[in-house]
Every structure is written in structure tokens, then in C-alpha cells.
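Step one of this worksheet: look at the structure below.
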Amino acid sequence: MTRVWKWNRPVTVREVLEDLQQERSIAYTTVMTVLDNLHQKGWVRREAEGRAYRYEAVSTRAAYSAALMNDAWTQSDNPAAALVAFFGMMSPQQREALRDAVRIVQGPETPAAENTAAENTAAENTAAENTVAQNPATENPATENPAAAEGATGG
């Protein structure tokens, strides 16, 4: 999917193959099988072009990531605690990006709403700090579990 998202246009098996072969040796049939599997799962759509297909992502990488996060959150037995733990794992830059995203979703705020937002942000920060204090391993999960950090970034 990373290769399909990278081009942001319909791609052929040959294009993906040539891109992957810059990093490692891989067979055409392997790439064709993976793209076919992605098509069967509904992650890509394809259109015939001569004797080949052009594959295109059904959704953006951001939408896919959001769906994964939503799925993980909704399957938690305590969604609020899961969010607090997640926020506790975030870097200051990630928390600022989260604040920006919330502002975008909420739209323009009135002065009274801005005070509430500031109070909520302070409460979120306190909750995240408390979670980190209760579980020091969440302070820097990348050092505790490099594989988890790699998976989170799309490694």
C-alpha cells in the first residue's frame, strides 16, 4: 500500500516492481499476488489496461490510519483510559498536532468556548501526566519496544 499511496495515481504491477527492486530483489508474480490480494480485500480498485491492470488506493493513507486508530480505540474495554495512555505516549509535537486537529474539527470558536478549550487542554495534559507517572514505560515507548515504534510509523 505504501507504494500505491506514494504515487497517488493508478499504478501497474511493473511500476511497483521496479520501485521495490531499487531496494531488494523481488519477483513480478509476488507483487502481482499482493496487489491482487489487496484488490480482493477492497483496499485497491483496479482497471484493465490492455493485458494488465492499473491499481489505485480506495482511501488515503490518512483515512486508513484513522480507521485503524478508531478500530483499536472502540475495541478497548476502557476507551477513555486507552486515549489517556495514547496521549501520554505522544511527543509534544504530536500533542500540538492533535490540538490543531481538534480545532479544525470543532471549527471557529467563540471566546467562551476558547476558555473551555484551554481548560480541557489543561485537564488532558494533567491526565496524560498522571498516566505517565503511573506507568513510566509509556514515557518513551520507542525505547521500550522498537518494533512497536516501527509499526506505528509504517516502518
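Basis for what follows: all heavy atoms, side chains included, without hydrogens, waters or symmetry-related copies.
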Would you give the length of the straight line joining atom [atom1] of [X] to atom [atom2] of [Y], rounded to the nearest 0.5 angstrom?
| X | Y | atom1 | atom2 | result |
| --- | --- | --- | --- | --- |
| S25 | L20 | OG | CG | 11.0 Å |
| K6 | T2 | NZ | OG1 | 10.0 Å |
| H39 | D36 | NE2 | CG | 7.5 Å |
| R61 | M1 | CZ | CE | 9.0 Å |
| W7 | T12 | CH2 | OG1 | 7.5 Å |

Query raised in the report: Is the shortest distance from a Lys or Arg side-chain nitrogen in E18 or R3 to a carboxylate oxygen in the other one below 4.0 Å?
Result: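 So E18 does not pair with R3 through a salt bridge.
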
Requested in this report: Please confirm whether the backbone N or O of S91 pairs with a side-chain atom of Q94, one donor and one acceptor, at under 3.5 Å?
Outcome: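 Indeed, once roles are kept as given, a pair shorter than 3.5 Å links the two residues.
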
Contact between [X] and [Y] at the side-chain level, heavy atoms closer than 4.5 Å - yes or no?
| X | Y | value |
| --- | --- | --- |
| L38 | L35 | yes |
| Y53 | V13 | no |
| V44 | E56 | no |
| R99 | V102 | no |

Query raised in the report: Around N37, counting heavy atoms of other residues, nucleotides and ligands shown, do more than 12 lie under 6.0 Å from its CG?
Result: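 Check passes, neighbour count above 12.
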
Query raised in the report: Take atom CD in Q40; do more than 12 heavy atoms of anything else shown fall under 6.0 Å from it?
Result: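 Check passes, neighbour count above 12.
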
[X]-[Y] co-clustered via ILVMFWY side chain contacts under 4.5 Å:
| X | Y | answer |
| --- | --- | --- |
| V58 | M69 | no |
| L98 | I104 | no |
| V105 | L83 | no |

Query raised in the report: Does NZ or CZ of R46 come closer than 6.0 Å to the centre of the six-membered ring of Y55, within 45° of the ring's axis?
Result: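 The answer is no; the distance or angle limit is not met.
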
Query raised in the report: Less than 6.0 Å separating the ring centroids of W73 and F86?
Result: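 Distance test on ring centres: not under 6.0 Å, no.
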
Report task. Quick one: list whatever passes salt bridge (charged side-chain N to carboxylate O under 4.0 Å, His left out) with E49, sequence neighbours left out. Result ->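 Per chain and number, E49 pairs via salt bridge (charged side-chain N to carboxylate O under 4.0 Å, His left out) with R54.
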
Report task. List the atom of M90, the atom of R95, and the distance in Å for their closest heavy-atom pair. Result ->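 Heavy-atom minimum between the residues: O-NH1, 2.6 Å.
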
